[in-house]
Amino acid sequence: LPGTGLLCLRQAPEPVSNSTLRTMGTRRRMRTRNFHAGRFLSAALCVAVAPIAARAQISLTTAVDLAVKNSPAVRSAQASVKRAMGGVSEARDAYIPNFVFGANPGYVYGYPLGYPSLFQANSQSILFSYSQPDYIRSAREGVKSATLALKDTEQQVALDVALDYVELNHDLAEVAALDQEKGYADSLVQIEGDRARAGVDPQVSELQAELTSAQIDAKRIHLQNDADDMRQKIGDLTGIPAQGLTTESSSVPAVDDGSLMGGAGQQALEDNPGVASAYANAKSKLYTAWGDDRQNLRPLITFGAQYSLFEKFEGYQTYYPNLQYNNAALGVVITLPFFDATKRAKARESAADAEKASADADASKNVLSEQTSAMRHALRELAAQQKVNQLQSELAQAQLQTVETQFTNGTGSPNATPVTPKEEQQAHIDEREKYEDVLDANFSLLKVQLNLLRATGQLDIWLKSAANGPPPAPTPAASHSIQEP
């Protein structure tokens, strides 16, 4: 070792035979092959698993069920029901005697102040009251109002997630149609470019084709952004990851327009959970007002009991020679509030609250009636527009079929102008545009239908039909024009 004066002895390696070298090389090659095979297998598994992790398909029924279970609004409404039930127990338990225990040990200097109680127990309850039954009825109506409000909240959450779901389903369908239209538009751009360079068509035709392609791109970006927004909303409502979320079109059932166009009667409007909750709240306020009013000029009978253990060590015997250590009292207290300005003012305040709640309930019913009527009118208009768009789409498909036949087999007339590739691609683009118009019309109609189902109390029936797996809502036929160019 340098600088130490020590000699380091190293054992010489033993000679290795040729067969040993060959064996070591074989093992090294096998390890290398196994290593690369493992890496390839891992990469293949990652590629295979990645699409599964990135895409998640969910049905409409599953989305609604998860949204109702995970919604903060539903949890808040459930807490309101529990609070209302606690109010019923509080009002009813006023007739149950309570028991209160206490002790007040201390030191007294001089003459004792108060009575010498070391330990005491008290009990009291209401025996008879004109107001308490009204308070109990008010609390029960409060439970009814909270329960109806919970049902209304659940239906609203179901409507929200259903609207988001059908919008995402519409966006995905239209993006697929735009992808096909984009292929035809790119072919048209290439054709117009060749014709413009050959001097057959002016430069403006190529620019028009490029404009059509750019408009398709802009519309596709808008729909993709809207689809991402709908995924995020559905993810927030249901609690599932929004990335790669897709819909199941067959899980969206058709809506029967016949049940929606019938006029909703007075009873149907009052049976709406939101309106019924408002009327139950108004009734609860009315019972409270009655209870507050009956606290004036009406007797109140209560029960009372008390036990006290007097002290022995503070010299009370000096001032109270006949001091008794164990003392008890039992009896009833009858109170007649002959005049109490505060309670009278409270009764007027409660009566005003009840009147306001009743007016609010009437207003909510009127708003629902007006909204229902407006949605029925919009439904008629959208149904008519849907029929127009459907006929235009069928006409575009028929024209496309004619153009394709003439392009392939000729016009059949020697004097007719032959169909050019430009006209064929333009016919494909026109057919896709009309098909997208049908998708938009169907979506606009379905949104109004769902809101009308919600207003008329039929949304639950529609969702149950979705769970039972009825025939899906009709979609416009794609025909042969869906094929890639």
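These numbers come from a predicted model, not from an experiment.
Residues V333 and I301 have side chains not in contact (no heavy-atom distance under 4.5 Å, counting atoms from C-beta outward). Annotation: side chain of V255 is in contact with side chain of W462 (closest heavy-atom distance under 4.5 Å). In this structure the side chain of Y165 reaches within 4.5 angstrom of the side chain of S251, judged on heavy atoms. Put simply, the side chain of V252 reaches to within 4.5 Å of the side chain of L446, judged on heavy atoms.
In K151, the NZ atom is not crowded: 12 or fewer heavy atoms of neighbouring residues, nucleotides or ligands sit closer than 6.0 Å. Counting non-hydrogen atoms of neighbouring residues, nucleotides and ligands closer than 6.0 angstrom, the CD atom of E90 reaches no more than 12 such neighbours. For R298, the CZ atom sits in a packed shell: over 12 heavy atoms of surrounding residues, nucleotides or ligands are nearer than 6.0 Å. For K144, the NZ atom is loosely surrounded, since the number of other residues' heavy atoms within 6.0 Å does not exceed 12. When the shell of 6.0 Å around CD of E433 is examined, it contains more than 12 heavy atoms from other residues, nucleotides or ligands.
For the side-chain contact (heavy atoms from CB on, under 4.5 Å) with S123, the qualifying choice from F101, F303, Y307 is F303, the only one to do so.
Between D360 and K356 there is a salt bridge, since a side-chain N of the basic residue sits under 4.0 Å from a carboxylate O of the acidic one. Salt-bridge annotation for D217 and R220: absent, with no side-chain N of the basic residue lying under 4.0 Å from a carboxylate O of the acidic one. The pair K285-E355 does not count as a salt bridge, with every side-chain nitrogen at least 4.0 angstrom from each carboxylate oxygen. Between K219 and E174 there is a salt bridge, with a side-chain nitrogen of the basic residue lying less than 4.0 Å from a carboxylate oxygen of the acidic one. A salt bridge does not link R344 with D293: none of the charged nitrogens is closer than 4.0 Å to a carboxylate oxygen.
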Report task. Kindly indicate, with the supporting measurements, whether the criterion salt bridge (Lys or Arg N to Asp or Glu O under 4.0 Å) is fulfilled by R454 and D152. Result -> CA-CA 9 Å; R454 164 82 168 89; D152 184 69; 2.9 Å; yes
Query - Verdict with reasoning, R75 to S71, per side chain to side chain contact (heavy atoms under 4.5 Å, CB included) - result: CA-CA 6 Å; R75 295 200 305 268; S71 171; over 6 Å; no
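Closest approach of T238 to I240, counting heavy atoms only: OG1-CG1, 3.0 Å.
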